[in-house]
There are 2 protein chains.
Amino acid sequence: MSARRSAGPTLKDVAAIAGVSYRTVSNVISGKAPVSAATRARVEAAIAELDYRPQLAARQLRVGRSNLLTLSVPFLSLPYFAQLAHAVVTAAEAVGYDVVVDETHGDAERELRAASGYRTLLSDGILLSAMSIGDEELMAARGRTPLVVLGERIRAARVDRVVVDSVTSTRDATGHLVAAGRRTLGFLGTVPDASSGAAAADLRLEGFRTALRAAGLEADPRHLLEVSPWDQRSPDGDYSREEGDARVRALLATPDGLGGLDGLVCANDLLAIGALRALREGGVDVPGRVAVVGWDDAPESAFAVPPLTSIAPDLGELARLAVASVLRLVDDPDSPPRVEQAPYRLVPRASAP
Amino acid sequence: MSARRSAGPTLKDVAAIAGVSYRTVSNVISGKAPVSAATRARVEAAIAELDYRPQLAARQLRVGRSNLLTLSVPFLSLPYFAQLAHAVVTAAEAVGYDVVVDETHGDAERELRAASGYRTLLSDGILLSAMSIGDEELMAARGRTPLVVLGERIRAARVDRVVVDSVTSTRDATGHLVAAGRRTLGFLGTVPDASSGAAAADLRLEGFRTALRAAGLEADPRHLLEVSPWDQRSPDGDYSREEGDARVRALLATPDGLGGLDGLVCANDLLAIGALRALREGGVDVPGRVAVVGWDDAPESAFAVPPLTSIAPDLGELARLAVASVLRLVDDPDSPPRVEQAPYRLVPRASAP
DNA sequence: TCGCGTGATTTCAACGTTGAAACCCGGGTC
DNA sequence: GACCCGGGTTTCAACGTTGAAATCACGCGA
């Protein structure tokens, strides 16, 4: 006897018990062909008796679909991606799909593998949240598997994408500070190499600048706080609480300290939460002296000290759009690429009332 | 032409180009049979030319394995489960497995479906973190698919489980407070219905009591704070920051307020973080007046105000043990059930130095 | 009474892969 | 020179399911 798996019952086993052909059992299950009430009952009894379950692999082989989507994110352990995964699993379930989760750790090679459809054909479509690879690499690597990119790092028009507008959202967040009378604003989370050019953080910086310009303001270069270069060893990437803490701490240690800074826009909530700690421990009142806003609306942000004002992307909608997009591609691989936007809103809290 | 999928190349297509039989292509890919260097090169060139990928469904159908595990958790959006998912994906990847994530929302019906192996045969094994169903239901529902239960809710000896010892870990956490001179201790997170009897929170309460007893202390019943009954509508379950905040706020609103409470042990970090907020806003100094410990060591806990002392379960090890267990079952379905323990450690921070 | 249509059921083949076994061929061995 | 050995390669069948088409039973109108 071969070393095969538990060898559960098959259509044939059910058919034998019910006294019909196995095709009829299939008909009962799929409901695609009419079956008399009597046989249906017999078949269903047999199914229950054997606890029969269809073998997805066989179905998939036959029909060419797995009803599986792959979600590829850098780190499931970051709140943003955890929320995203939650939203995607929920959205996929609503349309009868399961989700395989892949973590890239922001590793370019792994992101390329995701873009190209992995080594093995498994899922019907891929949702990729990239943070290391750029447009050309992605376009070069992509394979036949339907692909939808999440987020604004990738800008190529020839891929389906679902995004939340980083520029206008961050402009709004910055505008919120300006409207509250803040005049000396800083930005936490600029990226070292200008080469990337399309990272979400760059777009958020752009939104920051747009808002300042609109208000006739300008940012002191010392208030543009750059995060450390990407570090593979860090388990959570560089937009972390620790990094936010460190960068603001460094600013405070500067000869002029804050230098009049009265508002800080952060590229994400984790950086903001780190910044809050550094400010608090540095004796700087928030929002009295400095107002802080983040981006993500992580669940913990409402419980930060003080509670953090943030941009809340509608991840539920993002996920629904993404799933819909990828399924459209599954149905029609030649469907022209679209870029869709998910909404966001500004959630004001005590850190920037 | 039928409406099948993109119809990528198959072994036969590669074979045609390379001028060999398709079985030889298979040999090149699997490496299970010797292939001469010359043909190997030709085949590999053909593979590259066509960008051939093996079709997992066909392989799975043939060999009876999918190299897929299903992880079933209540909420991916809770830090604990997000960390757990991260750990499981990592551990599975190390042994060549992908992970399908299923969210039950703590719904009993969905947990039962997970325990029984889902409606369709897809993954080789299931890792289930249950929070609603009990021993009997689980044993009754379980099907043929190898199952490993994560966590201590389920106690049945006849299922494989991987746990972190809630009793001793919480006893340690409580002991830490006692050692620091705290004498009037409370517990946040008792559960309403005593019927469940095996929920992790109950075990943590037991650990709390054990430690008190060992120190010759006793808890004032008013200091055993019960969380609200499970609420399906709540997106995050009842062990939430909001709940912790509400329960402690309620205690403070009591005629005697804290009533001498000088240490609070929380069933998890989210409750503790909520508690910290309520205490802070109630003007209660932590740890000056009340020391607080949590359980989970959520990433955000190090940045809480004050940073939270917590029990840090070794989720990496938990995941490795769980994956190893389920794969053992896959290889040998009759392998006797085991219960394995993952280690934990106490991480002291400012909330309970 | 015959044929016809429709509902119910079955037969057949195919999806792409791999285990098992057969085959082929050149180089020893006796 | 007959034989065996083993690397290299191929043939064959099967995994469990579903699309397509064939078959069957039966009531009904002509």
Side-chain angles (χ1 to χ4, degrees), chain A residues 1-44 46-47 50-67 119-122 124 144, chain B residues 1-44 46-47 50-67 119-122 124 144:
Chain A
M1 181 176 165
S2 84
R4 287 201 67 256
R5 212 234 304 243
S6 40
T10 74
L11 283 181
K12 293 186 184 178
D13 301 317
V14 176
I17 293 198
V20 294
S21 82
Y22 65 91
R23 191 57 176 87
T24 298
V25 179
S26 172
N27 285 338
V28 169
I29 292 168
S30 71
K32 290 204 167 187
V35 177
S36 76
T39 38
R40 154 162 288 120
R42 288 215 314 287
V43 168
E44 273 165 357
I47 288 179
L50 292 179
D51 191 25
Y52 164 81
R53 323 280 174 111
Q55 202 134 318
L56 202 55
R59 178 179 294 173
Q60 175 181 359
L61 175 60
R62 183 64 241 244
V63 306
R65 296 207 181 165
S66 60
N67 276 38
R119 271 192 302 268
T120 212
L121 262 31
L122 164 65
D124 294 343
R144 274 176 290 263
Chain B
M1 180 178 165
S2 86
R4 286 199 68 257
R5 211 234 304 246
S6 40
T10 75
L11 282 181
K12 293 187 183 177
D13 301 318
V14 176
I17 293 198
V20 295
S21 83
Y22 65 90
R23 190 59 176 86
T24 298
V25 179
S26 172
N27 286 337
V28 169
I29 291 168
S30 71
K32 291 205 166 186
V35 177
S36 75
T39 38
R40 156 162 285 121
R42 288 214 315 287
V43 168
E44 273 165 355
I47 288 178
L50 292 179
D51 191 26
Y52 164 82
R53 323 280 175 110
Q55 202 133 317
L56 203 55
R59 178 179 296 171
Q60 175 181 357
L61 173 60
R62 183 63 241 248
V63 305
R65 296 206 182 168
S66 60
N67 275 38
R119 271 191 302 268
T120 214
L121 261 32
L122 163 65
D124 294 343
R144 274 176 291 263

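No experiment lies behind these values; they were computed from the predicted model shown. Note on naming: letters A, B, ... go to the chains in the order of the sequence lines (proteins, then strands), and numbering restarts at 1 for each one.
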Student: Between atom CZ in R119(A) and atom P in dT17(C), what is the gap in whole Å?
Tutor: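 Taking CZ of R119(A) and P of dT17(C), I get 16 Å after rounding.
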
Student: DNA chain C: A58(B) or A37(A), which has the more 5' nearest nucleotide?
Tutor: A37(A)

Student: Considering residues at least two apart in sequence or located in another chain, which fulfil the side-chain contact (heavy atoms from CB on, under 4.5 Å) criterion with Y22(A)?
Tutor: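 side-chain contact (heavy atoms from CB on, under 4.5 Å) check on Y22(A) returns L11(A), K12(A), A15(A).
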
Student: Could you check which residues of residues 15-23 of chain A get a heavy atom under 4.0 Å from DNA chain D? Sort them by number, please.
Tutor: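 Close to the strand are Y22(A), R23(A).
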
Student: Below 3.5 Å, can you tabulate the donor-acceptor pairs from side chains in residues 32-43 of chain A to any protein atom, sequence neighbours excluded?
Tutor:
residue	atom	partner	partner atom	Å
S36(A)	OG	T39(A)	N	3.3
S36(A)	OG	T39(A)	OG1	2.7
T39(A)	OG1	S36(A)	O	3.0
R42(A)	NE	A18(A)	O	3.0
R42(A)	NH2	A18(A)	O	3.2

Student: Can you measure from CG (L122(A)) to CG (L56(B)) and round to the nearest 0.5 angstrom?
Tutor: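 Going from CG on L122(A) over to CG on L56(B), the span is 5.5 Å.
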
Student: With rounding to the nearest 0.5 Å, note down the distance linking OG1 in T120(B) to CZ in R59(A).
Tutor: 5.0 Å

Student: Please report the closest heavy-atom contact between R119(B) and R53(A), naming both atoms and the distance.
Tutor: O-CB, 3.6 Å

Student: Check whether any side-chain N or O of S66(B) sits under 3.5 Å from a backbone N or O of Q60(B) as a donor-acceptor pair, and report yes or no.
Tutor: no

Student: In chain order, what residues pass the side-chain contact (heavy atoms from CB on, under 4.5 Å) check against P9(B), with sequence neighbours excluded?
Tutor: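 R144(A), D13(B), L50(B), Y52(B).
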
Student: For dT9(D), does either OP1 or OP2 sit under 4.0 Å from a side-chain N or O belonging to T39(B)?
Tutor: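 Yes, T39(B) has a side-chain N/O under 4.0 Å of OP1/OP2 on dT9(D).
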
Student: Does the pair I29(B) and S26(B) meet the rule for a side chain to side chain contact (heavy atoms under 4.5 Å, CB included), with working shown?
Tutor: CA-CA 5 Å; I29(B) 291 168; S26(B) 172; 5.8 Å; no

Student: What's the CG-P distance between L11(B) and dT9(D), to the nearest Å?
Tutor: 16 Å

Student: Provide, to the nearest angstrom, the distance between the CZ atom belonging to R65(A) and the P atom belonging to dG16(C).
Tutor: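 From R65(A) CZ to dG16(C) P: 15 Å.
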
Student: Has the side chain of R62(B) got a donor or acceptor atom sitting under 3.5 Å from an opposite partner on the base of dT18(C)?
Tutor: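 Present.
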
Student: Please list, in numerical order, the residues of residues 26-36 of chain A that have a heavy atom closer than 4.0 Å to any atom of DNA chain C.
Tutor: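 When residues 26-36 of chain A is checked for heavy atoms under 4.0 Å from DNA chain C, the hits, listed by number, are N27(A), P34(A), V35(A), S36(A).
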
Student: Look up atom CD in Q55(B) and atom CG in L61(A), then write down how far apart they are to the nearest 0.5 Å.
Tutor: 7.0 Å

Student: Can you check the Q55(B) CD to dT18(C) C1' distance for me, whole Å?
Tutor: 14 Å

Student: Are V20(B) and V28(B) close enough, and set up right, to give a side chain to side chain contact (heavy atoms under 4.5 Å, CB included), and what steps lead you there?
Tutor: CA-CA 11 Å; V20(B) 295; V28(B) 169; over 6 Å; no

Student: When the distance from CD of Q60(A) to P of dT17(C) is rounded to whole Å, what number comes out?
Tutor: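 Taking CD of Q60(A) and P of dT17(C), I get 12 Å after rounding.
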
Student: Grab the CG-C1' distance between D13(B) and dT17(C) for me, whole Å please.
Tutor: 13 Å

Student: In whole angstrom, give the distance that lies between atom CG of L61(A) and atom P of dG16(D).
Tutor: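 Rounding to the nearest Å, CG of L61(A) and P of dG16(D) are 12 Å apart.
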
Student: Under 4.0 Å, counting only non-hydrogen atoms across every strand here, what does T24(B) touch: a base, just sugar-phosphate, or nothing?
Tutor: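 Base: the residue T24(B), judged by heavy atoms under 4.0 Å, touches a nucleobase.
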
Student: If we fit an axis to the first five pairs and another to the last five of the helix from dT1(C)-dA30(D) to dC30(C)-dG1(D), what angle do they make, to the nearest 10°?
Tutor: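 It comes to 60° between the two terminal axes.
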
